[in-house]
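Chain naming here is simple, since letters A, B, ... match the order of the sequence lines and numbering starts at 1 in each. Remember, predicted model here, so these are calculated numbers, not experimental data.
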There are 2 protein chains.
Amino acid sequence: MDLTERKRKILRAIIENYIATAEPVGSKTIASHPALNVSPATIRNEMADLEALGLLEQPHTSAGRIPSPKGYRVYVNELMEDYRLSVQETRKLNEALHLKMRELDQVIDQAGRVLSQLTSYPAFALSSGASRVTIQRFDLLMVSSDSFIIVVMTDNNVVRNRLVRLPSDLNEAQLQLLNTLLNTTFTGLTLDEITPELMRVASHAAGEAYGLISLVVSFAMDVLEHLEQRTVHTAGIANLLSHPEYRSLERAAPLMSYLSEDQDAERFPVPQGDPMEILIGPENVADALKDTSVVVASYDIGDGMRGVIGVVGPTRMDYAKITARLSYFADGLSRLFEQGELPPGDQGTEQP
Amino acid sequence: MDLTERKRKILRAIIENYIATAEPVGSKTIASHPALNVSPATIRNEMADLEALGLLEQPHTSAGRIPSPKGYRVYVNELMEDYRLSVQETRKLNEALHLKMRELDQVIDQAGRVLSQLTSYPAFALSSGASRVTIQRFDLLMVSSDSFIIVVMTDNNVVRNRLVRLPSDLNEAQLQLLNTLLNTTFTGLTLDEITPELMRVASHAAGEAYGLISLVVSFAMDVLEHLEQRTVHTAGIANLLSHPEYRSLERAAPLMSYLSEDQDAERFPVPQGDPMEILIGPENVADALKDTSVVVASYDIGDGMRGVIGVVGPTRMDYAKITARLSYFADGLSRLFEQGELPPGDQGTEQP
DNA sequence: TTTAGCACTCGCACTCTCTGAGTGCTAATG
DNA sequence: CATTAGCACTCAGAGAGTGCGAGTGCTAAA
């Protein structure tokens, strides 16, 4: 978008003013801007040009101008200055990064919540959904004569467990046997590769303990399935209400519902190339997001997995501030996972 | 509250009408009720009496009456008829109870979400927060020369684990030693009883592996701490917006914010004696709930723990329907946990 | 004790008007 | 020729006034 320097200045001034006030901005306001030194009439001419270019819009004839999505796009790509986080801000962000390490799901959930607080917009966080995960090993730990613990570890270092109680007794030797059988038969397989056929063969080989095989394997399959599945966590939906564009329920309700109806990760955007992406208004695929903006970033969880975290807000968003904060936060998350202060695995693992 | 039979009928008719329509109800509407056979004028007199008793309120002079919180209380205690769940409803509820068994936290979260869907009100679920949990046993599983898995099991049958990587190597014998030391020193202790003193002594006894002791024990302490802590999960907050009383943001926003600000379980009511409790408007302790009603039920998780789940809505709530559904749902949860189809422990345990 | 009749109240929806911010156009200016 | 002052015009939003109708309380009769 090649514009004269003056047009760029005017566009930027309008957008920044509108971001700050949420009111359509008129020629007079901009004329008084220190960087410009022209009369309102001149500004009006320029504004008309910018509107013709599709960068500005007029809510109604006698109102000022507001930026169009295209206008925001030009602003974000070309005009916006990097926002420098203040010392207080970095401090606050660093503090917020002291997430208690626990299961990955919970960390992700908490990260979203914290991000929402930091930005005062609703936030979402997607769990990464690794593909083609396999079981690396099984361990069976005897607890008592009628109960034991299954421990399953996957090839991306997730460890999960379950306590099982049985109606019938069981001795250490049987458990040992079962353990070996599981490790020889079911390790290195993806979810698809664990066929009923295989189960049948294994059950047969297990002798008396044939029932246990399916118990243990179905747990393992659960683990794999859960890892391959992507889930959404949303937080801070009520934050929407603090922004003037959502003071009417007609605007707020659909978006809130959209954000509430969890579960289906596909509906949320994911950064494609860069680690951070900004989607403005109609650039969003989802209908419900067509007049909101989404800023989304990815971070490194380790073991080849990437997490995704983002915020949703009105197109009139303080992009400079939000992108600065979000990228700092995402970097912080990557660093935490790298240092092993957070668990890469679903079930609390650590790599000092 | 001793009222004449007719007053009771009128009160009940007014409340049920108001619950259905959300509009103040006038004498004429009630007079046409089949169970009553009197003129509007008579109803008006009775209504005036009921208002004097504090059971009804008038939004303004020329409007009909609406029930007061006290009126709802009388309705709930004395007038309300048990709502019989339809076949479809029980089927739907039963289907909803097919929660995937995973960690307790996730089950609780999901239960809340499902409840919210079933009732179309926001729901909350509290994790139970057991007190005085102790570690029952430790297991250390060697993964490679520089990594192992910690498995910790508590006396209320929660099993959790973590994968640990070390900068230095470690052999099976050392791990064995460490394992025994942990089991002899730290089992049967509550969080408070694990003192720095004890840690020092144990570290000393551990010889070379002294660093690992603190690593493992701090993980165990994390587990205990998490179990003792009560957390809140809320779901379906956007459901509020579908009810006419929350169509103005002044009403909706504070409640939404209240429900969003998770984390502090104390703010939510818990059934005191009975397994189910109804709190109407000002009966709630929390200011933000003063003009909402809360229906809350508890269910049995097993191992002496009880879960709490409830819904929040306007005082004009269909108490009969909600209580019927909630109690059925809570019973279903208890049954599921009892049958062991869900994990009593934090980390997926099972008791067939 | 119940009911019909009636005057009265008051929120709500509607219309109308006024105001002021902001525009586009035109003609004058450096 | 770009810039600017001047001016008529537009239009959303606020505020005032109005009529409607649902619903009440009171009174007197049945």
Side-chain angles (χ1 to χ4, degrees), chain A residues 3-11 13-15 17-18 20-68 71 244-245 247-248 250-251, chain B residues 3-11 13-15 17-18 20-68 71 244-245 247-248 250-251:
Chain A
L3 300 167
T4 63
E5 191 51 35
R6 193 170 67 185
K7 281 200 172 59
R8 295 167 67 87
K9 269 188 191 161
I10 290 174
L11 179 58
I14 290 174
I15 292 184
N17 194 295
Y18 184 66
T21 64
E23 299 288 331
V25 359
S27 53
K28 218 160 152 189
T29 320
I30 296 304
S32 66
H33 193 283
L36 278 334
N37 211 1
V38 285
S39 76
T42 311
I43 302 284
R44 280 203 288 281
N45 290 328
E46 297 283 51
M47 276 168 137
D49 290 355
L50 289 169
E51 186 173 353
L53 289 168
L55 303 177
L56 294 181
E57 287 171 356
Q58 229 177 344
H60 59 264
T61 328
S62 70
R65 301 301 207 293
I66 63 174
S68 72
E245 23 273 288
R247 264 191 298 156
S248 88
E250 292 85 62
R251 295 262 292 140
Chain B
L3 300 166
T4 64
E5 191 51 35
R6 194 170 66 187
K7 281 201 172 59
R8 295 167 68 88
K9 270 189 189 160
I10 292 174
L11 179 58
I14 291 175
I15 292 183
N17 194 293
Y18 184 66
T21 63
E23 298 287 331
V25 358
S27 52
K28 217 160 155 188
T29 319
I30 296 305
S32 66
H33 193 284
L36 277 334
N37 211 2
V38 286
S39 76
T42 310
I43 303 283
R44 280 204 287 282
N45 289 328
E46 298 283 50
M47 277 169 137
D49 291 354
L50 289 169
E51 186 173 354
L53 288 168
L55 302 178
L56 294 180
E57 288 171 356
Q58 228 176 345
H60 58 265
T61 328
S62 69
R65 302 299 207 293
I66 63 174
S68 72
E245 23 273 287
R247 263 192 299 156
S248 88
E250 291 85 61
R251 295 262 292 141

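For the side chain to side chain contact (heavy atoms under 4.5 Å, CB included) with B:Ile10, the lone residue among B:Arg6, B:Arg8, B:Lys7 that qualifies is B:Arg6.
Closest of all the heavy-atom pairs between A:Ser39 and A:Ala31 is C-CB, 4.1 Å. The two residues A:Ile66 and A:Pro59 have their closest heavy-atom pair at CG2-CG, 4.2 Å.
Legend: residues meeting side chain to side chain contact (heavy atoms under 4.5 Å, CB included) with B:Thr61, ordered by chain and number and at least two apart, are absent.
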Item checked: Test side chain to side chain contact (heavy atoms under 4.5 Å, CB included) applied to B:Met47 and B:Ile14, step by step -> CA-CA 9 Å; B:Met47 277 169 137; B:Ile14 291 175; 3.7 Å; yes
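The distance from atom CZ of B:Arg6 to atom P of C:dT3 is 8 Å, rounded to the nearest whole Å. In this structure, B:Arg44 places its CZ atom 11 Å from P of C:dT3, rounding to the nearest Å. Counting to the nearest Å, the P atom of C:dG22 and the CD atom of A:Glu57 are 18 Å from each other. Atom-to-atom, CD of A:Gln58 to P of C:dA21 comes out at 17 Å; the value is rounded to the nearest Å. Across the protein-nucleic acid pair, B:His60 atom NE2 and C:dG11 atom P stand 6 Å apart, rounded to whole Å.
A:Ala63 comes within 4.0 angstrom of sugar-phosphate atoms only, judged by non-hydrogen atoms across all strands, and of no base. Counting non-hydrogen atoms under 4.0 angstrom, B:Thr42 reaches a base of the nucleic acid.
Mapped onto DNA chain D by nearest heavy atom, B:Ser62 and B:Asn45 fall at different nucleotides, with B:Ser62 at the one closer to the 5' end. Along DNA chain C, the nucleotide nearest A:Thr29 and the nucleotide nearest B:Ser39 are compared for position; the residue whose nucleotide lies closer to the 5' end is B:Ser39.
Mapping heavy-atom proximity under 4.0 Å, the span of DNA chain D touched by chain A runs 5' to 3' from D:dT3 to D:dA12.
With hydrogens and angles disregarded, no donor-acceptor distance shorter than 3.5 Å links the side chain of B:Ser27 to the backbone of B:Arg44.
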